[in-house]
Asks: 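I'd like to ask some things about the structure below.
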Amino acid sequence: MNKDIIKQHREFLKDTQRKEYNFSQTDQHKGVPAPPVQKPFDPAARRVSLFSPEDWKGSIPGVDLESAILNRESRRDYAPDPLTLAELSFLLYCTQGIRKRPHPLAVLRTVPSAGARHSFETYLLIGNVEGVDPGLYRYLPLKHELVWLNEVENMEMRASMACFGQQFVGQGAVTFVWTTVPYRMEWRYGPLAHRVILIDVGHVCQNLYLACEAIGAGTCGVAAYDQQEVDELVGVDGEDEFAVYLAPVGKI
Ligand SMILES: Cc1cc2nc3c(=O)[nH]c(=O)nc-3n(C[C@H](O)[C@H](O)[C@H](O)COP(=O)(O)O)c2cc1C
């Protein structure tokens, strides 16, 4: 282990730059309008309406918070049962749902985010959700809908191979892939953006873990993946948008 390199990398974990960085250099400070809170989508593409919080009442058995926290664990064995659309809606709302929109270019979600910048997009590799054709979708939090992207041949195998052969990835009913659009955070924080992006994604996945407990499902955060393969799988450019974390979900 090269101690100098380790020392250098540890700096990334610290907030030292905040005192040194000249915030007048950020696009926000220069008056550049904030980037959109959600990536644009093809309006002609097929969309799937999701259940809103009022609609899923009764379909989600629920569990008290204490039990959810005490029982949470990383689960890598999934039953072959499908998720219902109400359950998937619940998971999406718990992880990236929008609860307030104080400004067209600013939203508040069910998870916290540094400066409320929320830099993530959620891609779903759907294999087994009732009434939903298998394939790649993206969550549209502003509409609380899914937009269809494309079919994925050999989806289970590709997901697993893109995660260095971790077989359970792709064996769930659905695999969440979170990408970041880093400029959404850089617009406000410049070079300080990247540290908080990774802090943010932990909150997202923790909500997924706890929400899974409420529907008799399990998940496992996955940070070991081939960057290029996962970016290709979800169709992002790897520069202005790239994957940061994955999580398969299945009934247990
Ligand atoms: C950031 C992060 C990355 C992880 N990446 C993987 C992974 O690539 N493969 C895997 O099987 N588990 C992964 N895990 C799950 C951990 O192995 C798991 O959380 C740990 O063993 C503790 O078990 P528990 O979650 O059941 O408490 C990851 C967890 C976190 C938080």
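Atoms within each ligand, like the ligands themselves, are counted from 1 in listed order. Predicted model, so just to flag it, every value in this text is computed and none were measured.
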Asks: On the 0 to 90° scale, with breaks at 30° and 60°, tag the Phe168-Tyr78 ring pair as parallel, tilted or perpendicular.
Replies: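 If you compare the ring of Phe168 with that of Tyr78, the planes turn out tilted.
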
Asks: Return the residue, atom name and 0.1 Å-rounded distance of the protein heavy atom closest to atom 3 (C) of ligand 1.
Replies: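 Atom 3 (C) of ligand 1 sits closest to the protein heavy atom Ala223 CB, 3.4 Å.
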
Asks: With no hydrogens and no angle check, do the side chains of Glu186 and His194 hold a donor and an acceptor under 3.5 Å apart?
Replies: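 Glu186 vs His194: donor-acceptor pair found between side chains.
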
Asks: Could you tell me which atoms of ligand 1, counted from 1 in the order shown, lie closer than 4.0 angstrom to a heavy atom of Ala224?
Replies: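 So the answer, numbered in order with elements, is 8 (O).
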
Asks: What protein heavy atom lies closest to atom 31 (C) of ligand 1? Include the residue and the distance to one decimal.
Replies: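 Result: Tyr245 OH, 3.4 Å.
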
Asks: Step through it carefully: locate the ring centre of Tyr139, locate the ring centre of Tyr137, and say whether they are under 6.0 Å apart.
Replies: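 When the ring centroids of Tyr139 and Tyr137 are compared, they turn out to be at least 6.0 Å apart.
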
Asks: Please compare Gln206, Glu73, Arg72, Arg75 and report which has the shortest non-hydrogen distance to atom 27 (O) of ligand 1.
Replies: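 Considering heavy atoms of Gln206, Glu73, Arg72, Arg75, the nearest to atom 27 (O) of ligand 1 sits in Arg72.
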
Asks: Would atom 22 (C) of ligand 1 count as contacted, meaning some protein heavy atom under 4.0 Å?
Replies: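 Within 4.0 Å of atom 22 (C) of ligand 1, no protein heavy atoms are found.
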
Asks: Any non-hydrogen protein atom below 4.0 Å of atom 6 (C) of ligand 1?
Replies: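 True for atom 6 (C) of ligand 1.
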
Asks: Does Cys220, backbone or side chain, put an N or O under 3.5 Å from an N or O of ligand 1?
Replies: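 For ligand 1, there is no N or O atom that lies under 3.5 Å from one belonging to Cys220.
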
Asks: Among Thr180, Thr95, Thr179, which residue satisfies the side-chain contact (heavy atoms from CB on, under 4.5 Å) criterion with Phe120?
Replies: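 Option passing the side-chain contact (heavy atoms from CB on, under 4.5 Å) with Phe120: Thr180.
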
Asks: I'd like to check whether Arg76 has a polar contact with ligand 1, where a contact means an N/O of the residue lying under 3.5 Å from an N/O of the ligand.
Replies: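 N/O-N/O distance under 3.5 Å: yes.
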
Asks: Tell me which protein heavy atom sits closest to atom 4 (C) of ligand 1, plus the residue, atom name and distance to 0.1 Å.
Replies: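 Of every protein heavy atom, Gly221 O, 3.3 Å lies nearest to atom 4 (C) of ligand 1.
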
Asks: Could you verify whether a donor N or O on one side chain and an acceptor N or O on the other, from Ser52 and Tyr93, lie under 3.5 Å apart?
Replies: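 Not at all, the side chains of Ser52 and Tyr93 share no donor-acceptor pair under 3.5 Å.
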
Asks: Can you name the nearest heavy-atom pair linking Arg188 to Arg117, along with the distance?
Replies: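 So the minimum-distance heavy-atom pair works out to CD-CD, 3.7 Å.
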
Asks: In terms of atom number and element, which parts of ligand 1 are under 4.0 angstrom from non-hydrogen atoms of Phe168?
Replies: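 Counting from 1, the qualifying ligand atoms are 10 (C), 11 (O).
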
Asks: For the residue pair Asp231 and Gln227, confirm or rule out a side-chain donor-acceptor distance under 3.5 Å.
Replies: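 Yes, because at least one side-chain N or O of Asp231 sits under 3.5 Å from a partner of the opposite role on Gln227.
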
Asks: Checking a contact table here: which protein heavy atom is nearest atom 9 (N) of ligand 1, and how many Å away?
Replies: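 Ranking protein heavy atoms by distance from atom 9 (N) of ligand 1, first comes Gln166 OE1, 2.7 Å.
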
Asks: Under 3.5 Å, is there a donor-acceptor pair between the Tyr123 and Glu121 side chains?
Replies: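 There is no such pair (donor and acceptor under 3.5 Å, judged by atom type) between the side chains of Tyr123 and Glu121.
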
Asks: To the nearest 0.1 Å, how far is atom 20 (C) of ligand 1 from its closest protein heavy atom, and which atom is that?
Replies: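 Checking every protein heavy atom, the shortest distance to atom 20 (C) of ligand 1 gives Ser74 OG, 4.7 Å.
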
